[in-house]
*Asks:* 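Handing you a structure now.
Every chain is numbered from 1, with letters handed out A, B, ... down the list of sequences. These numbers come from a predicted model, not from an experiment.
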2 protein chains.
Amino acid sequence: MNLSISCTEKGRLIYALVSVNKTIAQKFDLCTDGFSQTRMDLLAQLEVDTTISQKELQQRVNVDNAAVTRHLKHLETKGMIERVRSATDNRVILVSLTAEGATRITRLRQQKDEFLEQLLEGFTADEQHQLTQMIQRIETNALTLPKTTVT
Amino acid sequence: MNLSISCTEKGRLIYALVSVNKTIAQKFDLCTDGFSQTRMDLLAQLEVDTTISQKELQQRVNVDNAAVTRHLKHLETKGMIERVRSATDNRVILVSLTAEGATRITRLRQQKDEFLEQLLEGFTADEQHQLTQMIQRIETNALTLPKTTVT
DNA sequence: TATCAATCTTTGATACGTCAAGGATTTTTC
DNA sequence: GAAAAATCCTTGACGTATCAAAGATTGATA
């Protein structure tokens with residue numbers, strides 16, 4: 001989303017917000033060592049919930065089912081995760097990290113956390129609080145927005 | 001990008017920022033009447049620069065050359081734009097809106113501006129200023145970041 | 001218990017974005 | 001003025017996201 005064309009003051013603000021997001025994503029990609037963000041999120045989630053169904057994983061990471069299936073297949077061939085059918089429900093597949101996947105994601109996540117810290121370098125606790133509040137308000141505005149459909 | 005796993009305070013803030021961005025993009029898609037955001041940006045740019053080369057267009061909208069070519073081809077078949085080779089330089093293709101494209105994008109852009117306005121509903125001028133400043137600082141931090149590569 | 005509905009995963013179609021390589025044209029340089 | 005470099009556009013290969021439909025399994029219902 002570019003949005004750069006907007007002529008209004010608020011439009012420019014939102015554009016800046018979208019823009020910083022893109023910058024963050026790009027910079028972030030530079031230090032993920034070949035892992036896409038989604039794949040990294042999947043592994044990181046498995047670091048927390050050591051054994052979890054694909055469905056749950058999908059909900060936590062918030063991408064499409066199909067994408068999760070494909071990523072997990074890939075990660076399995078790479079030896080990062082294991083997948084086994086649940087004994088109690090043959091529909092579900094339980095996913096867990098391999099030893100290799102665990103050590104890998106642990107280091108990557110630390111790197112990520114460090115990266116995130118640096119983005120807010122120089123922000124006081126108070127400023128961080130204010131910023132969080134404002135983001136919340138925008139999120140609320142977005143969610144409660146009436147659907148402005150073109151008529 | 002999910003980033004939801006982050007354990008640090010700042011990490012959660014950045015996550016909120018990324019998250020609100022996703023929400024905005026999703027809501028925005030609901031009112032674009034079948035136009036992807038990039039296609040809309042292309043048309044909106046043509047509303048400003050009435051005749052422009054693909055190269056310039058690509059730089060303004062900030063997506064890949066290949067993507068621009070494909071979008072413009074599509075928009076051409078839909079009768080939204082026209083493309084003609086430049087008389088002075090046969091390499092470049094000049095793009096412009098058709099009458100239909102013009103009326104279409106005008107309405108869509110107005111809708112978009114209205115949407116953006118609503119996202120910041122309730123923000124005072126002062127708050128908007130503060131928020132802009134903070135976003136700027138994050139952007140600066142991101143851009144000046146040393147490349148933290150996994151070693 | 002047989003059927004119908006719900007749930008979980010997979011696959012196919014489609015859309016979008018990037019990078020890299022290739023064609024055509026212009027500009028530079030010797 | 002001809003060869004080399006640069007510029008603009010296009011195309012191909014690939015990665016990833018979504019939706020919709022289909023398979024397999026389980027649960028609910030009559």
*Asks:* At less than 4.0 Å, is any side-chain N or O atom of A:Gln58 found next to OP1 or OP2 of C:dT9? Yes or no.
*Replies:* no
*Asks:* In whole angstrom, what separates A:Gln59's CD from C:dT9's C1'?
*Replies:* 13 Å
*Asks:* If we check salt bridge (Lys or Arg N to Asp or Glu O under 4.0 Å) with A:Glu47, which of these qualifies: A:Arg109, A:Arg107, A:Arg60?
*Replies:* A:Arg109
*Asks:* Looking at B:Arg83, does any N or O in its side chain come under 4.0 Å of the phosphate oxygens OP1/OP2 on D:dT10?
*Replies:* yes
*Asks:* Can you see if the side chain of B:Ser36 gets near the phosphate of C:dA15 - specifically, an N or O under 4.0 Å from OP1 or OP2?
*Replies:* no
*Asks:* With a 4.0 Å cut-off, would you call B:Arg12 and B:Glu9 a salt bridge?
*Replies:* yes
*Asks:* Can you check whether A:His71 has a side-chain N or O nearer than 4.0 Å to OP1 or OP2 of D:dA17?
*Replies:* yes
*Asks:* Calculate the interatomic distance between B:Glu56 atom CD and D:dC9 atom C1'; express it in whole Å.
*Replies:*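 In whole Å, D:dC9 C1' and B:Glu56 CD are 14 Å from each other.
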*Asks:* Tell me the interatomic distance from B:Arg91, atom CZ, to C:dT27, atom P, rounded to whole angstroms.
*Replies:* 6 Å
*Asks:* Give one of base, sugar-phosphate or nothing for B:Asp64, where a contact means two heavy atoms less than 4.0 Å apart.
*Replies:* base
*Asks:* The side chain of A:Arg70 is closest to which nucleotide in this list: D:dT18, C:dC19, D:dT26?
*Replies:* D:dT18
*Asks:* Quick one: is D:dT16 close enough that its OP1 or OP2 comes under 4.0 Å of any side-chain N or O from A:Arg39?
*Replies:* yes
*Asks:* Between D:dG23 atom P and A:Asn90 atom CG, what is the distance in whole Å?
*Replies:* 18 Å
*Asks:* Check the distance between D:dC8's C1' and B:Leu94's CG and give it to me in whole angstrom.
*Replies:*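 B:Leu94 atom CG is separated from D:dC8 atom C1' by 12 Å.
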*Asks:* Are the charged groups of B:Arg137 and A:Glu127 less than 4.0 angstrom apart, N to O?
*Replies:* yes
*Asks:* Mapping B:Ala67 and A:Ala67 onto DNA chain C by nearest heavy atom, which one lands closer to the 5' end?
*Replies:*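 The 5'-side residue here is A:Ala67.
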*Asks:* To the nearest 0.5 Å, what is the distance between CD (A:Gln45) and OG1 (A:Thr50)?
*Replies:* 11.0 Å
*Asks:* When you check the phosphate oxygens OP1 and OP2 of D:dC9, does a side-chain N or O of B:Thr69 lie under 4.0 Å from one of them?
*Replies:* no
*Asks:* Rounded to the nearest 0.5 Å, what separates atom OG1 in B:Thr69 from atom NE2 in B:His74?
*Replies:* 14.5 Å
*Asks:* Between D:dT16 atom P and A:Leu72 atom CG, what is the distance in whole Å?
*Replies:*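 Atom-to-atom, A:Leu72 to D:dT16, this comes out as 13 Å.
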*Asks:* Whole angstroms only, please: what is the CD-P distance between B:Gln54 and D:dT11?
*Replies:*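 Computing the B:Gln54:CD to D:dT11:P distance gives 11 Å.
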*Asks:* Could you tell me how far apart A:Asp41 (CG) and D:dA17 (P) are, to the nearest whole angstrom?
*Replies:*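 The distance from CG of A:Asp41 to P of D:dA17 comes to 10 Å, rounded to the nearest Å.
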*Asks:* Starting from the 5' end of DNA chain D, give me the residue, B:Ser53 or A:Asp89, whose nearest nucleotide shows up first.
*Replies:*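 Taking each residue's closest nucleotide, the earlier one in sequence belongs to B:Ser53.
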